[in-house]
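A short worksheet on the structure shown next.
Below, chain A is the first sequence line, B the second, and so on; all start at residue 1. Side-chain atoms are counted along with the backbone in the values below, which use heavy atoms only and exclude waters and symmetry mates.
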Amino acid sequence: MHPIQQLFQSIVSVTKDLYGQDLTEAELPLAPTRKEFEGDYTLVTFPLTRIARKSPDQIAEEIGNSLMSGYPDLVADVNVIKGFLNIGLSTRVWVSFLESLSRDGLPVFPRLDEKILVEYSSPNTNKPLHLGHIRNILLGWSMSRIFERTGYEAIRVQVINDRGIAICKSMLAWELYGDGATPESSGVKGDHLVGEYYVRFESEFKKEYAEWQSTADAEQRWKRYQAEAEKEKAISREDFFKGYKNAYFNEISPLGAKAREMLVKWEQGDAEVRGTWSMMNDWVYKGFHATYDALGVSFHKSYYESNTYLLGRDLVEDGLSRGVFYRQDDGSVWIDLTDEGLDRKILLRSDGTSVYMTQDLGTAKDRYEDYHANRMIYVVADEQNYHFQVLFAIMKKLGMPFADGMVHLSYGMVELPTGKMKSREGTVVDADDLIREVISEARSSAEERGDGDDIPAEEQERIYQQVGLAALKYHIIKVNPKKRMIFDPKESVDLQGHTGPYIQNAYVRIQSIFRKAGRPATEADLTGYDLAEGEKELLLLLSEYRQHILQAAEQYDPSHVANYAYAVAKAFHKFYHDFSVLRAESELAREVRLHLAAVTASILKDAMELIGIEMPDRM
RNA sequence: GGUCCCAUAGCUCAAUGGAUAGAGCAACUGCCUUCUAAGCAGUAGGUUACAGGUUCGAGUCCUGUUGGGAUCACCA
């Protein structure tokens, strides 16, 4: 049993004797003692004043004395400072706890008969993945691993937005200017190639729009606006045309007309359009797959919007018949959520076509029928908070059985030190570029240092990948998901300090010790060893692993695991500096330290695995 | 304008309502004939945006203010 559990039980029993009350964990705040005081755990006695009708100091004294006399094997010393009871556990307890940690391995969680579906990534097929996707992917992957670790079954899915006007733009530009280029003929990765045509479309469209602005037609529209606009609100000619872009695309632009025509043909199932569409999407999927591989993530299932975009219409009928939705005179269908503090929301346009919300309703039901998950988690940026609020509210109104298990894991957008990423300004950080960059940074850093010259080239390359990706992934995952994040590319390739490689390095040092020791930690009897302060500090931290995993699972926040792993690595580095393992002053000390090192390594490896980071044996 | 989120050291981030708010980076100073120096130790850096309130105790909870962000389409 964990020492804190033993202590907790003894305090419960002592307070029952003293004050005649059964107290729960919440009523007995027990926390690790701060560094500047003597002790392992601290009991805050203020909450007990009402029950005991005594001063905090008196209570602390009483509990402390009872613990000392009643549990001499467990409690070694106590001291009271301003109502805080600091309790030092006996070194025997700690040593035998180390033995059990070493013997039992990592924290075990009971298998739960509960499924959690996690949706993440959800890319569009007209562009390659970028930094924003990376944060999304790492969060989703990490949460799914944490769920698996804590006893759930996790289902990983992505939704691929493979249809719509955007991909038509890429297709059109490819047909007009592509000259039959393929990833093979051009040597460009498929998703990037398709992205290039999307950009090409936008720039051709921009040119077309600029030219049109000097025509008589454009001038006339500008004049008409000026005549109609209220004087105070009138905007400049430049601003007017900035805002007119959509209208131009939909009503006037020849390029826009062609793209929309393509969309219509796609919906009609036109063979030629569908052919180009699936060919180009296949290029993109190959490209995505390579990026996912590089990031070390995967999915159980991919949902394609082209298969699901018509879903949800039957739910609208159902909702209408039950009076949850209503039909307006023009034929459009709505739901009124004003009683929930939300707005009115459209579900079917007057022409009968559906909107995103309708589709999402249908997809959720579809997914539920596929997996019957108890919880469905959407990892989606916080710009869609309102969308999900509405989506979940509608599901509840429709009485869907899974409505209560819906969760939006909302994360803040990733920004650069120079501001937001904008594709139009070319400031989007490409995922593949970034991955390549961090790996090459790891390579040059190692070469500069001359480390691992004796390692075969192939393994070296593998290590550079592990180290580079650790830097990138850790840099992103250590931040609380809810917070908007400033991503400085310079810092993301840092290999020192509060970084992934720092944690890997602690692990690597341990592997090196065991290589030299020539054997694993044995099942030797460690009793009788008196732990030094630095050794106990590490052990106490190791004992906290379980609660940090649970916290991450409960709060949907992998950064807890990341920051915990750093704390462990830091404590180990200090331990490593202060104590010699192989040249320990006694056989017993050597054995104890081997155990400490072994437990540290397995916790570090496990924790990092939960956030998608691999540990090299050497670096 | 309505709703939601955020504000902590120069910068990037931590801190189950508990004691004197911690790390890393950047700056400066030490430590490799000893298990990997991608390390360790030290110096310096704070009115936790502001004002009230709740509490034995508030960076944390409540109210208001300011600043920043998001969102409120017959867009996706």
Side-chain angles (χ1 to χ4, degrees), chain A residues 26 29 31 33-34 36-37 42 44-47 49-50 55-56 81-84 86 124 161 164-166 246 305 309 328 330-334 341-357 359 381-387 389-390 410 412-413 415 417 420 442 445-446 449 451-452 467 471 475 478-480 482-488 490-491 494-506 508-517 547 551 554-555 559-560 563 566-567 569-570 572-584 593 597 618-619:
Chain A
T33 301
R34 291 180 64 102
E36 58 268 37
F37 302 100
T42 298
V44 185
T45 58
F46 289 93
T49 49
R50 259 192 305 164
S55 76
I81 297 168
K82 293 197 303 188
F84 293 90
N86 301 316
N124 298 320
N161 300 298
I165 194 70
N246 268 338
E305 197 199 356
Y309 79 110
Q328 231 166 248
D330 61 5
S332 56
V333 175
W334 298 74
L342 301 168
D343 225 325
R344 287 180 354 129
K345 180 72 199 175
I346 192 161
L347 289 147
L348 233 46
R349 298 187 185 101
S350 48
D351 65 4
T353 55
S354 55
V355 294
Y356 202 56
M357 190 64 75
Q359 204 186 121
D382 63 8
E383 59 186 351
Q384 295 203 37
N385 283 356
Y386 184 74
H387 173 80
Q389 237 184 309
V390 171
S410 159
M413 308 281 279
E415 293 177 20
K420 287 183 197 165
S445 169
R449 201 178 287 114
D451 279 353
V467 173
H475 187 69
K478 75 173 179 187
V479 180
N480 183 329
K482 213 166 60 172
K483 291 200 178 180
R484 200 165 90 218
M485 173 177 160
I486 313 281
F487 182 92
D488 188 338
K490 280 203 304 285
E491 286 176 12
D494 276 349
L495 308 172
Q496 281 154 24
H498 189 180
T499 67
Y502 173 95
I503 300 168
Q504 288 177 320
N505 186 232
V508 161
R509 284 176 140 184
I510 297 170
Q511 299 317 303
S512 174
I513 290 174
F514 281 106
R515 269 197 304 275
K516 299 236 155 95
Q547 81 189 54
Q551 197 183 6
E554 277 161 19
Q555 299 178 5
S559 73
H560 287 299
N563 286 307
Y566 172 71
K570 191 172 159 64
F572 179 79
H573 277 305
K574 184 173 167 53
F575 164 83
Y576 181 89
H577 179 266
D578 291 346
F579 303 92
S580 182
V581 176
L582 297 179
R583 264 172 278 268
R593 289 174 196 165
R618 302 205 270 179
M619 64 193 284

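At least one side-chain nitrogen or oxygen of A:R34 sits closer than 4.0 Å to the OP1 or OP2 atom of B:G22. Taking only side-chain nitrogens and oxygens, A:R349 comes nearer than 4.0 Å to OP1 or OP2 of B:A76. Side-chain N/O atoms of A:R449 include one lying less than 4.0 angstrom from OP1 or OP2 on B:A38. Between A:K574 and B:A41, a side-chain N or O to OP1/OP2 separation shorter than 4.0 Å is present. Between A:K482 and B:C6 there is a side-chain N or O to OP1 or OP2 distance below 4.0 Å. Look at A:K483 and you'll find a side-chain N or O under 4.0 angstrom from OP1 or OP2 of B:A14. Side-chain nitrogen and oxygen atoms of A:K345 include none within less than 4.0 Å of the OP1 or OP2 phosphate oxygen of B:C72. Considering only side-chain N and O atoms, A:R484 lies nowhere under 4.0 angstrom from the phosphate OP1 or OP2 of B:C6.
At the heavy-atom level, A:T49 lies nowhere under 4.0 Å from the strands shown. Within 4.0 Å (heavy atoms only), A:N480 reaches sugar-phosphate atoms of the nucleic acid but no base atom. When heavy atoms are screened at a 4.0 angstrom cut-off, A:F579 is found touching base atoms of the nucleic acid. Across all strands shown, A:Y576 has heavy atoms under 4.0 Å from base atoms, whether or not it also approaches the sugar-phosphate. Backbone-only contact: A:V479 has heavy atoms under 4.0 Å from sugar-phosphate atoms and none from a base. Using a 4.0 Å heavy-atom distance criterion, A:D343 is classed as a sugar-phosphate-only contact. Residue contacts for A:Y356: at a heavy-atom cut-off of 4.0 Å it reaches a base atom on one of the strands shown. Within 4.0 Å (heavy atoms only), A:A31 reaches at least one base atom of the nucleic acid.
Comparing the C1' positions of B:A58 and B:U8 gives a spacing of 14 Å, expressed to the nearest Å. One C1' atom belongs to B:A7, the other to B:U48, and the distance between them is 9 Å to the nearest Å. B:A21 and B:C13: their C1' atoms are spaced 14 Å apart (whole Å). Comparing the C1' positions of B:G24 and B:G39 gives a spacing of 14 Å, expressed to the nearest Å. The P atoms of B:C40 and B:A26 are separated by 14 Å, rounded to the nearest whole Å. Across the P atoms, B:G17 and B:A73 are found 36 Å apart, a figure rounded to whole Å. Annotation: B:G69 and B:A49 have their C1' atoms spaced 16 Å apart (nearest Å). Using atom C1' as the reference point in both B:U66 and B:A27, the two lie 33 Å apart (nearest Å).
In terms of polar N and O atoms assigned as donor or acceptor, the side chain of A:N246 never comes within less than 3.5 Å of the base of B:A73 in a complementary pairing. For A:S559 and B:A14, a side-chain-to-base donor-acceptor distance below 3.5 Å is absent, hydrogens and geometry of angles not being considered.
When the P atom of B:G39 is taken as reference, atom CZ of A:R509 falls 8 Å away, rounded to whole Å. Taking atom CD on A:Q551 and atom P on B:A14, their separation rounds to 13 Å, with Å as the unit. Atom P of nucleotide B:G42 and atom NE2 of A:H577 are separated by 11 Å, given to the nearest angstrom. Computed from coordinates, the A:I510 CD1 to B:G39 C1' distance equals 13 Å when rounded to whole Å. Distance CG (A:L348) to P (B:A73): 17 Å, rounded to an integer number of Å. For the pair A:I486 CD1 and B:A7 C1', the computed distance is 12 Å after rounding to whole Å. The distance from atom CD of A:Q511 to atom P of B:A38 is 17 Å, rounded to the nearest whole Å.
The nucleotide whose nearest atom lies closest to any side-chain atom of A:Y502 is, among B:A14, B:G18, B:C40, B:C40. Side chain of A:I513, nearest nucleotide from B:U8, B:C35, B:A38: B:C35. Ranking B:A19, B:A37, B:U34 by closeness to the A:R583 side chain, first place goes to B:U34. Checking B:A76, B:A19, B:C13 against every side-chain atom of A:Q384, the shortest atom distance belongs to B:A76.
Using a 4.5 Å heavy-atom threshold, the side chains of A:I81 and A:F37 count as touching. Within the 4.5 Å cutoff, the side chain of A:H498 has heavy atoms near those of the A:N563 side chain. Looking at A:H387 and A:M357, their side chains come closer than 4.5 Å, going by heavy atoms from C-beta outward. Counting heavy atoms from C-beta outward, A:H475 and A:D494 have side chains that stay 4.5 Å or more apart. For the pair A:K574/A:K570, no side-chain contact is recorded, criterion being any heavy-atom separation below 4.5 Å from C-beta on.
Using modelled atom types, one side-chain atom of A:R593 and one backbone atom of A:S580 make a donor-acceptor pair closer than 3.5 Å. At least one donor-acceptor pair under 3.5 Å links the side chain of A:R349 to the backbone N or O of A:S354.
Pairing of B:C50, defined by two Watson-Crick or G-U wobble distances under 3.5 Å, is identified with B:G64.
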